[in-house]
Amino acid sequence: MAIERYNPRAAEPRWQARWADERTFETKNEDPRPKYYVLEMFPYPSGRIHMGHVRNYTLGDVVARYMRAKGYNVLYPKGWDAFGLPAENAAIQNGINPRTWTYDNIAAMREQLKSMGLSLDWSREFATCDPEYYAHQQKLFLDMLAKGLAYRRKSKVNWDPVDQTVLANEQVIDGKGWRSGAVVEQRELTQWFFKISEYSDELLAALDTLDRWPEKVRLMQRNWIGKSEGMRVRFPFTGDAPAPAETVEVFTTRHDTLFGASFIAISPDHPIASALAARDPLVAAFIDQCHKSGVSAAAIETAEKMGYDTCLSVQHPFVAELRLPVYIANFVLMDYGTGAIFGCPAHDQRDYDFAKKYDLPIRPVVAPVDTFDTDADLVVWLEQLASGKEAYVDDGTLINSDFLDGKSVPEAKEDVAQRLENTMLLGAPQGQRQVNYRLRDWGISRQRYWGCPIPVIHCPDHGVVPVPDKDLPVRLPDDVTLDKPGNPLNWHPTWKHVACPICAKPSLRETDTMDTFVDSSWYFARFTAPHAPTPTDRKAVDAWLPVDQYIGGIEHAILHLLYSRFFTRAMKATGHVGLDEPFRGLFTQGMVVHETYKNADGTWASPAEIKIEGEGANRRAWNVANGAPIEIGGIEKMSKSKRNTVDPNDIMQSYGADTARWFMLSDSPPERDVIWTEEGVAGAFRFVQRVWRLVAEWAEDKAPAPAGANGASPEAVALRRAAHRSLAAAEDAIRTLRFNVAVARIYELVNAIGSAIANPAKDAMLRSAIAEALDLLVLMMAPMMPHLAEECWQTLGHELVAMRPWPAVDASLLTEDTFTYPIQINGKKRAELTIAIDAPQADVEQATLALDAVRRALDGQTPKKIVVVPKRIVNVVV
RNA sequence: GCGGGCGUGGCGGAAUUGGUAGACGCGCGGGAUUUAGGUUCCCGUGACGAAAGUCGUGGGGGUUCAAGUCCCUCCGCCCGCACCA
């Protein structure tokens, strides 16, 4: 009798409905089982899911379903990162309200996600643009304001002239806005900040505790925080020329090289530079010139070191007769350290280049003394350093440095630090040890409409007044004009006009909204009690956090993950959570990539438009419609601009969700890029059908077992062994997120079951082993292909596999009575030897020597050595 | 420049962590069945060789009974950061 093909289009919605009806995946906070929190980085509701989502959520769903089967109370929620510029842009283009646009997109994407069969708890869903969510975010902001973790100051900011908004440092890439790509300008504005810098050291130190994070991400964050230990040192002006200050203060990490100093350089933005510019047009012109050169990576790469000699000089702290000239230099940054440095050309490449250009002395003070045999060698080395092209930046021993001579670099640092701390200059120590961080405070003000309003009011008498709790949330108005440049909230006729909460005087609402990264910095906490009347329910959040397995793209290695780590600390400081680190395990998945295709005119062609024939170097592509030749290009990230995307909806329509999921899991390790290919998907679909056929044919085959079949037949035992070995291996692979390996183990089991069923002489023992193996197969593939698993499970006569515990491995089946040793002669495999697993070493040796192949190889000689590694290998050394 | 990762058949990738290299899949070749439309089943598939065998995990060297795995060195590719004092 012919078995009908498995039809995912009918089966998948049926099982999805069943799970929804039975509330299979709704999670309760009160539950005696141990908790497990799985989370994928939530999506921006663009309107359609893409293959990156499919991969991300498939990975998470496998973990969620597996952990559920292992007896955990699993929290696996989904929400929407719903504020942000695209909604405003779409609104301008299509004349719809950003709110309408966003919620329509959410509805469409929710349906697509549901068709993937994810085991999400939809009862906890929210969007960050829900007033019920951002009300609590405003409360968190006010608590941070009260604690001094949020503050306002005038600062130079990155201004995106296209998006007409301020960007955080993290959102400026190569001097361009991360969304618009426009060259970012510098502007002075009063902005709101979060005091992330207060946690610099903690955020850095705690990275060491995140042992279930990729090393790469920890390293990127470490570099971003950028800790450096050094000193601030003040140099007094000599009075040769009138100076605008008494001293200039520099930051250095190489105070050991102080005797090698030959100049001071200050930033063009340094107050001393500004003061000089005010009285000297030449200085002003130079500073202007510095500002004009670009800030892009390319511009910096090629920019020449430029300096302006101010004719001022300062006194060296240890050498009375040494006066150092003061330059304004284009490579000194005002926002790092003190905006001023001392130049030590011999031991810093930049200073070296600068010294060569302006003919300043190069004084070597550190040398690899131990590597020289004679003093003459040292002299040669010193000459080469002075006349060459490169500074010496490595370790060594101090020379030419008075009291430091002969000391190591760390010893010299310590000595200099102590002396400068104990030297008084104008009523204060001349030097102070200082730890410096690259990390700046997080500027969160955005001059946009579609974001969370910052809940403060500016009163002419009382200044910044927090919006009282009872007035939260500060809601966004619906009636806004979006087609004028600037902030729509500012244009609104009435919204910003309010009475001061203290004195009722006419006041102005803050019209800045928060950076959308604030929204995503605490959503994982809100999922634990999404309807709580406070931002968090302390009992729920403390029970659920940290997220046990967080999954997302590497592109959030710094921004989102660092902000969330800060925000969790801020929430702890304001009493909203009880822990520091939100994500215990982090997994960064690879991208989905696809071949690209180009038309003869250089425009991109989509995979749907073309046909490919041939293989290897002979692959040729044509346009299906007109037969025009197509050039096959490189494999790149799926993107609309290259037109190499494949719509998940189309795939799920023709093959079903399980096929898409299986392909995503099977082809590449999850952390690497996966190449989407039509052949691969077809292969995954074949496998779906193959499993179905196996199960359906077996269920139909009701042939009675042959009578009198007692005991365990060898075939039955072999199949049972194969099944349990596959189970053990697949589970191990799933636990370590090596899903491609788990897939391979499942294939092996299917092959073994197929062979057993094909056996014409099935006895009762084998029949029962087949039944067991099929059950195990369905249970172990259920996290990956949940719909097919349900269909098979039902066909095998059971109820709802999603609720079933993970099967236990019968450990007794993993061990065998015999072991087949590979027999090597001089490290090359020459034979095999099957022998009792517990055979003593002497027996193994004897049996080995008796083998024909070994005899032949030995040719009468006595082996020099026989290495027997029990249950591994035998190596005969001749 | 600094930091990190990677390099295994035609392709994606396995390899119990020093112990039979190439599991599993894709592709390809051959055969059978069905021929109607991403069919199913069997056999083969690292290279060279008729075979025995020899070679083989980017190149070279080393440690070891044994190296894809450890050490040294060179080459190539990818990613992150970058005038940070």
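Keep in mind it's a predicted model, so treat the numbers as computed, not measured. Below, chains carry the letters A, B, ... as their sequence lines are ordered, and counting in each starts from 1.
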Problem set entry | side-chain N/O Arg738(A) vs C24(B) OP1/OP2, d < 4.0 Å | no

Exercise. Salt bridge between Arg218(A) and Asp211(A), side-chain N to carboxylate O under 4.0 Å?
Worked result: no

Exercise. What's the closest nucleotide to the Asn751(A) side chain, out of A15(B), G25(B), U20(B)?
Worked result: G25(B)

Exercise. What nucleic acid atoms does Val869(A) come within less than 4.0 Å of, heavy atoms only: base, sugar-phosphate, or nothing?
Worked result: base

For this session: Look at the side chain of Arg438(A) and decide which nucleotide, out of G25(B), U16(B), C84(B), has an atom nearest to it.
Result: C84(B)

Problem set entry | Salt bridge flag under 4.0 Å for residues Glu816(A) and Lys871(A) | no

Problem set entry | Proximity to the side chain of Lys216(A) - top-ranked nucleotide from G12(B), G80(B), C65(B) | G80(B)

Exercise. To the side chain of Arg745(A), which of A23(B), A82(B), G27(B) is closest?
Worked result: A23(B)

Problem set entry | Shortest side-chain distance from Ile341(A), nucleotide among A85(B), G3(B), A14(B) | A85(B)

For this session: Looking at every strand, decide which applies to Phe251(A) at a 4.0 Å heavy-atom threshold: base, sugar-phosphate, or nothing.
Result: base

Problem set entry | Pairwise distance CG(Leu324(A)) to CD1(Ile264(A)) - rounded to 0.5 angstrom | 5.5 Å

Problem set entry | side chain to side chain contact (heavy atoms under 4.5 Å, CB included) between Leu258(A) and His316(A), worked out | CA-CA 9 Å; Leu258(A) 207 45; His316(A) 191 280; 4.1 Å; yes

For this session: Just compare G12(B), C65(B), A85(B) and give me whichever is closest to any side-chain atom of Val332(A).
Result: A85(B)

Exercise. Does any residue of residues 253-273 of chain A have a heavy atom under 4.0 Å from RNA chain B, and if so, which ones, in number order?
Worked result: Thr253(A), Arg254(A)

Exercise. Of all the choices, U17(B), G12(B), A85(B), which nucleotide is nearest to the side chain of Arg872(A) once you look at every atom?
Worked result: U17(B)

Exercise. Is a salt bridge present between Lys413(A) and Glu229(A), judged by a nitrogen-to-oxygen distance below 4.0 Å?
Worked result: no

Grab the N/O contacts between the protein and nucleotides 52-58 of chain B below 3.5 Å, and write none if there aren't any.
from   : atom 1 : to        : atom 2 : distance (Å)
U54(B) : OP1    : Arg830(A) : NH2    : 3.4
U54(B) : OP2    : Arg830(A) : NH2    : 3.3

Exercise. Yes or no on side chain to side chain donor-acceptor pair (under 3.5 Å) for Gln430(A) and Arg234(A), after CA distance, side-chain angles and deciding distance?
Worked result: CA-CA 5 Å; Gln430(A) 185 164 11; Arg234(A) 286 183 304 142; over 6 Å; no

Exercise. Does the separation of the ring centres of Phe263(A) and Phe342(A) fall below 6.0 angstrom?
Worked result: no

Exercise. Is it true that Lys356(A) and Asp353(A) have a side-chain N and a carboxylate O under 4.0 angstrom from each other?
Worked result: no

Exercise. Among all residues two or more places apart in sequence or in another chain, which pass the side-chain hydrogen bond (donor to acceptor under 3.5 Å, both in side chains) test with Glu845(A)?
Worked result: none

Exercise. How long is the span from the OG1 atom in Thr862(A) to the NZ atom in Lys864(A), to the nearest 0.5 Å?
Worked result: 11.0 Å

Exercise. What nucleotide, of G12(B), A14(B), A82(B), holds the atom closest to the side chain of Ser668(A)?
Worked result: G12(B)

Exercise. Are the charged groups of Arg254(A) and Asp348(A) less than 4.0 angstrom apart, N to O?
Worked result: no

Seminar exercise, completed: RNA chain B in dot-bracket form (Watson-Crick or G-U pairs under 3.5 Å, [ ] crossing, | inter-strand) is (((((((..(((......[....)))((((((.......))))))(((....)))..(((((..]....))))))))))))....

Would you tabulate the pairs of protein nitrogen or oxygen atoms and nucleotide nitrogen or oxygen atoms of nucleotides 38-43 of chain B closer than 3.5 angstrom?
from   : atom 1 : to        : atom 2 : distance (Å)
G38(B) : N2     : Tyr655(A) : OH     : 3.0
G38(B) : N3     : Tyr655(A) : OH     : 3.0
U40(B) : O3'    : Arg693(A) : NH1    : 3.3

For this session: Consider the side chain of Glu748(A), meaning its heavy atoms from C-beta on, and name the nucleotide among G12(B), U20(B), C24(B) that approaches it most closely.
Result: C24(B)

Exercise. Using a cut-off of 4.0 Å on non-hydrogen atoms, how would the nucleic acid contact of Leu333(A) be classed: base, sugar-phosphate, or nothing?
Worked result: base

Problem set entry | Any Arg350(A) side-chain N or O less than 4.0 Å from OP1/OP2 of C84(B) | yes

Exercise. Reckon Arg232(A) touches a base, only the sugar-phosphate, or nothing at all at heavy-atom distances under 4.0 Å?
Worked result: nothing

Seminar exercise, completed: For residues 655-665 of chain A, the salt bridge (charged side-chain N to carboxylate O under 4.0 Å, His left out) pairs (sequence neighbours left out) are Asp61(A)-Arg661(A)

For this session: Using a 4.0 Å heavy-atom cut-off across all strands, classify Asn740(A) as base, sugar-phosphate, or nothing.
Result: sugar-phosphate

For this session: Look at the side-chain N and O atoms of Tyr336(A) and state whether any lies under 4.0 Å from the OP1 or OP2 oxygen of A85(B).
Result: yes

